[in-house]
Amino acid sequence: MYAFSYQRPRSLAEAAAALQAEDAKLLGGGQTLLPTLKQRLARPSDLIDLGAIPELKGIREAGGGLEIGAFTRHAEVAHSDLVHRVIPALASLAEGIGDRQVRNMGTLGGSIANADPSADYPAAVVALKGTVLTDRREIAGDEFFTGMFETALEPGEIVRAVRFAAPDKAAYAKFRNPASRYAIVGVFVARFGAEVRVAVTGAGGSVFRAGAFETALAADFRAEALNGLSVGTDGLNADLHASAEYRAHLVTVMAKRAVEAAG
Amino acid sequence: MANPNGIGAPVRRREDQRFLTGRGSYTDDFKRPNMTHAVHVRSPYAHALVKGIDAAEALAAPGVVAVLTGADMEADKVGSLPCGWQIHSKDGSPMKEPGHFPLARGRVRYVGDAVAVVIAETREQARDAAELVVVEYEELPAVASSTRAVEGAAALVHDDAPGNVCYDWHLGDKAAVDAAFAQAAHVARIDLVNNRLVPNAMEPRAALGEYDAATGDYTLTTTSQNPHVIRLLMGAFVLGIPEHKLRVVAPDVGGGFGSKIFHYGEEAVVTWAARRIGRPVKWTADRSESFLTDAHGRDHVSHAEMAMDKDGHFLGLRVSTLANLGAYLSTFAPSIPTYLYATLLAGQYKTPAIYAEVKAVFTNTAPVDAYRGAGRPEACYLIERLVDVAAGVAGLDRTEIRRRNFVPAEAMPYQTPVALQYDTGDFAKNLEIALPLVDYDGFQARKAASRAKGKLRGIGFATYIEACGIAPSNVAGALGARAGLYECAEVRFHPTGSVTVFTGSHSHGQGHETTFAQLVAERFGIPIENVEIVHGDTAKIPFGMGTYGSRSLAVGGSALVKAMDKVERKARKIAAHMLEAAESDIEVKDGRFTVAGTDKGLGIGDIALQAYVPHNFPLDELEPGLDEQAFYDPKNFTYPNGCHVCEVEIDPETGVTEVVAFAAVDDFGRVINPLIVEGQVHGGLVQGIGQALFENCVYDESGQLLTGSYMDYCMPRADDVPSFTVRYHEDQPCTHNPLGVKGCGEAGTIGASAAVMNAVVDALAAYGVTHMDMPATPEKVWRVIQAATPAMAAE
Ligand SMILES: Cc1cc2nc3c(=O)[nH]c(=O)nc-3n(C[C@H](O)[C@H](O)[C@H](O)COP(=O)(O)OP(=O)(O)OC[C@H]3O[C@@H](n4cnc5c(N)ncnc54)[C@H](O)[C@@H]3O)c2cc1C
């Protein structure tokens, strides 16, 4: 790590002010940022620790769904009775992130701000008609993820919370990278009345919706409805662990499993 | 009465208290007054000329004490890291042995090769400054794979090794094998790759060098499996420091798996630099450095053929292997794909004729050397995969072909056609014990149940034999070892009857502090608490060859027995004197020395006290003290052997393989501590399963390491493996060491990979699969299913 100054603001306003420093960076659970610093791949002047800001914490019911503070750790989501009651699929997604140590530190805000193409939460944000609440505005989940490690956040903008709609049925199925345990492919399927959303993470540069899957499932919410459907290999990732072809195949398999799990 | 902590007792590891409560003392824990920190500047290129090093900016950075390079070492006449084993090629010429300098001299040959060292007040300052060292490189073409290295157009790693060949060696009787093939009814063939692995000990390598200008004494504290060997190699060959001025300490060491046997350049750098700058210098690898610079394991490409008669009896085995040695010769590298590999190619079978050729090549990758099993897993994997293919060719059940070809227990001692003489082993018995453990008879029903769920099920066997207890010095010497491979022990009774044992074996996870103490407790009938085991310090231990090749108990334990024999002889003399009896009338049992036919006797504690308070000793015949030392050189290797059975279930939709059952039946000879043995087996099995399903070290063609962190290099985790069924039997003890022990440290790793892959291939047999290279990753498995499915659908 290179040297940096460390700050621990007590309010969102203080954090926003501190973030004005040149090359300042927000620190969530540090599960992505700290390894990056240790490898000397980033050199922030200041780290603004978001851990002491009450406005960023907590899980509450809102508008028939859930509003989860940005500084809510994955483990809190995984173990929350409220989440289990309102959107159990979200709790099980959180329970499947990384390992216990990562879940005890990593936060929702950090995960979506980082927008790793193989992160899990982006699939939930998109499939559950999420809304990202920042210190400045509200951003529709569908518009939030703009590319690989890219979001609609402006410089200096802080994620405050994420609002998720409660679906009638939902499930997340993940094919994890055996080494890192990130998603090689993760598919979140959510049904809201006649509407079905299928959000795919891990497979492409950024989370995306599988339109043909959604149409098929809206007509017939059974795994068999996806027979013969594929997202195709265009724009899919390929690396040491999985080719684009294999990822495309897994998207269909995971989508089917999610539909089955959603019941 | 039997000692509750004696031989055979499942005593819990005494060392675990300090390990599990964070109170171990590892090399990086040591802090010395005025200590500095070293960080290496390493090559980002796989192959390049070093045209210049500009350290001016680094030297001006805060806290920097020195920046040293290969030129500084050369000026101080620092030597090349020596290789401990010499192999001769088929034509009699010695292997190519290029220079291997702690800091590169003019040319770097793998990513991670050290070019300079920055020494500063703190580690962070040294890291900061290391980035300021400007190295001018001229990149050269590189070669990373062994198959590419032997192609005519390949880049040359060393100018004096044409074709990148280090040696081209062979073993066995070629003519006899050719004759066997000429009369074969069946021939089985296989091409296989034994994938390259990164050892990944939990504790990264570290070294702390100190120099005392007042006395001229050097001390190196290092993460080593064999401190005396490091003292010899570094002192005599690299730095020119005589043994009496060099102390090497290997304190608690957090795992080695072979990778900490070798003498690494960083050890020489910190020791040399400590004198140059007049302050202690510490270096600790970070995980990225460990991936890049720890000696890797395996990396073989082989072709093998088995000739059989019409009934599936093996007639002859022909093997040709290309072994990747990396950029330089690590300490024992040349011996691994030769004498620790080809000599094991008979396996458990009475194959009458065997011929093996091994070409070992240099590439622009990290050095490759011994890694848990070292050559023997490669041999086992090759034979056991080939035997499965042979079963298919001969139309025999995979258990039947093994039974037909096992060396029978009655044939022991058995001389193999590849140099070894097995002393004991009942291979058929291992298999017969294993089959019911996995309910082999019920397998077809389980397979059908899996099929009903849309899953594929397979079962796989691997039988293994390993040559352990390394090694008889006369044999090793004849085969090219430049050192003897005995072990030393000293047993020191203290006046009040407690004992300190000094052993040349080194424990870095094996539990010697428990097992060795059990031997002493049993022998002298004393509480285990009264025994202390000291290891890992050249200033305390007379000598030692260290721990590797499952040798500690077989060789180090035998040395301990010899030293205890000497103690007993001396104690008997003292007892005779004290009891006023003839020595020949003294009977010894469980540490009590009695006069035959009387109730007069003494315990070892009374004798020890008298030994140190010799008020009325006949000093001409009897010296004071009770402290004896012994060296033990084994007469033969030991031959642990066993049978592993693995059952897998594959999800054809995703290609994911799950190990659903695993049974290991092992013959380790006599077992001193069954709890520790089982732990060693478990760890070994996980490593073997890791190689088969998860671990893979990948360099790209330009020599960049693609799997340089745990994000890409997949280590097996607890939830990746089933609950193991482990059994051993003790009725085939080793015949030539006093304990009858064979060794258990590597067995799990040796058999497991082959058992898993045989199960995977079995599960995929319906798709026409006869072989798959490791690791059987989900995509690889899915692809073979995909490739076969249209063909099957067409049928
Ligand atoms: C071994 C390992 C395995 C993992 N496996 C998975 C996995 O399976 N699935 C998965 O989804 N993730 C996985 N992760 C990532 C993990 O979920 C991280 O927690 C997450 O990516 C980042 O969250 P964080 O709170 O740790 O953020 P940090 O690392 O602290 O920050 C990440 C980035 O987000 C920014 N940031 C943080 N909070 C905010 C905010 N409120 N507003 C704006 N910007 C902010 C930071 O400035 C930084 O740029 C894994 C990580 C590790 C180390």
Side-chain angles (χ1 to χ4, degrees), chain A residues 1-4 31-32 35-41 43 96 98-102 116-119 173-187 202-203 223 226-227 230 233 236-258 260, chain B residues 39 62-63 122-125 127-132 198 200 286-289 291 454 651-658 689-690 693-700 704-720 775-787 789:
Chain A
M1 271 186 211
Y2 298 106
F4 54 80
Q31 295 305 288
T32 296
T36 311
L37 298 185
K38 284 186 184 171
Q39 288 186 290
R40 301 187 156 224
L41 298 172
R43 192 171 200 159
D99 50 47
R100 191 182 296 267
Q101 289 83 348
V102 168
D116 190 304
S118 47
K174 173 178 181 178
F175 188 87
R176 62 188 191 182
N177 177 320
S180 73
R181 309 231 152 166
Y182 274 90
I184 281 183
V185 163
V187 179
L226 300 176
N227 282 347
S230 166
T233 54
L236 294 201
N237 302 330
D239 56 31
L240 214 55
H241 304 282
S243 65
E245 206 185 343
Y246 182 50
R247 277 190 161 88
H249 166 76
L250 288 175
V251 171
T252 306
V253 175
M254 291 300 126
K256 287 182 173 182
R257 290 186 182 180
E260 274 164 9
Chain B
V39 165
T122 70
R123 187 148 182 248
E124 287 301 311
Q125 287 173 330
R127 274 194 86 161
D128 285 343
E131 289 179 4
L132 301 175
V198 181
N200 282 302
D286 59 28
R287 189 55 67 180
S288 305
E289 269 180 308
F291 269 102
D651 176 354
E653 269 191 333
T654 58
V656 170
T657 299
E658 189 191 345
I689 293 171
L693 297 180
F694 308 107
E695 298 187 44
N696 200 24
C697 173
V698 184
Y699 283 92
D700 70 11
Q704 292 293 331
L705 181 61
L706 299 182
T707 49
S709 84
Y710 294 130
M711 297 307 267
D712 291 307
Y713 188 91
C714 185
M715 295 292 285
R717 272 102 144 171
D719 62 347
D720 291 319
T777 58
E779 176 160 6
K780 211 186 270 179
V781 171
W782 173 75
R783 279 195 178 279
V784 302
I785 292 173
Q786 285 307 105
T789 305

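Protein chains get the first letters and strands the later ones, always in sequence-line order, with residue 1 at the start of each. Because the structure is predicted, anything quoted here is derived from the model rather than measured.
Both the backbone and the side chain of B:R127 have a heavy atom closer than 4.5 Å to some heavy atom of chain A. Interface remark: A:F175 contributes side-chain atoms only to the contact with chain B (heavy atom separation under 4.5 Å). Using a 4.5 Å cut-off between heavy atoms, B:D651 contacts chain A through its side chain alone, with no backbone atom that close. Both the backbone and the side chain of A:S243 come within less than 4.5 Å of a heavy atom in chain B. Contact annotation for B:S709: neither backbone nor side-chain heavy atoms come within less than 4.5 Å of a heavy atom of chain A. Of the atoms belonging to B:P716, not a single heavy atom falls under 4.5 Å from chain A. Only the side chain of B:D720 comes within less than 4.5 Å of a heavy atom of chain A; its backbone N, CA, C and O stay farther away. Using a 4.5 Å cut-off between heavy atoms, B:E695 does not touch chain A at all.
Closest non-hydrogen pair, B:W782 versus A:E245, comes out as CH2-O, 4.1 Å. Across all their heavy atoms, B:M711 and A:A179 have their closest contact at O-CB, 3.5 Å.
For B:D719 and A:R181, the salt-bridge test passes: some basic side-chain N is under 4.0 Å from an acidic carboxylate O.
With values rounded to the nearest 0.5 angstrom, A:R257 atom CZ is found 5.0 Å from B:E653 atom CD. Considering SG of B:C714 and NE2 of A:H241, their distance stands at 8.0 Å, rounded to 0.5 Å.
You'll find the side chain of B:D128 reaches within 4.5 Å of the side chain of A:R40, heavy atoms only. You'll find the side chain of B:T654 reaches within 4.5 Å of the side chain of A:M254, heavy atoms only.
Between chain A and the residues B:G655, B:P778, B:S288, the most heavy-atom pairs under 4.5 angstrom are made by B:P778.
Within a 6.0 Å radius of CZ in B:R717, other residues, nucleotides and ligands contribute more than 12 heavy atoms.
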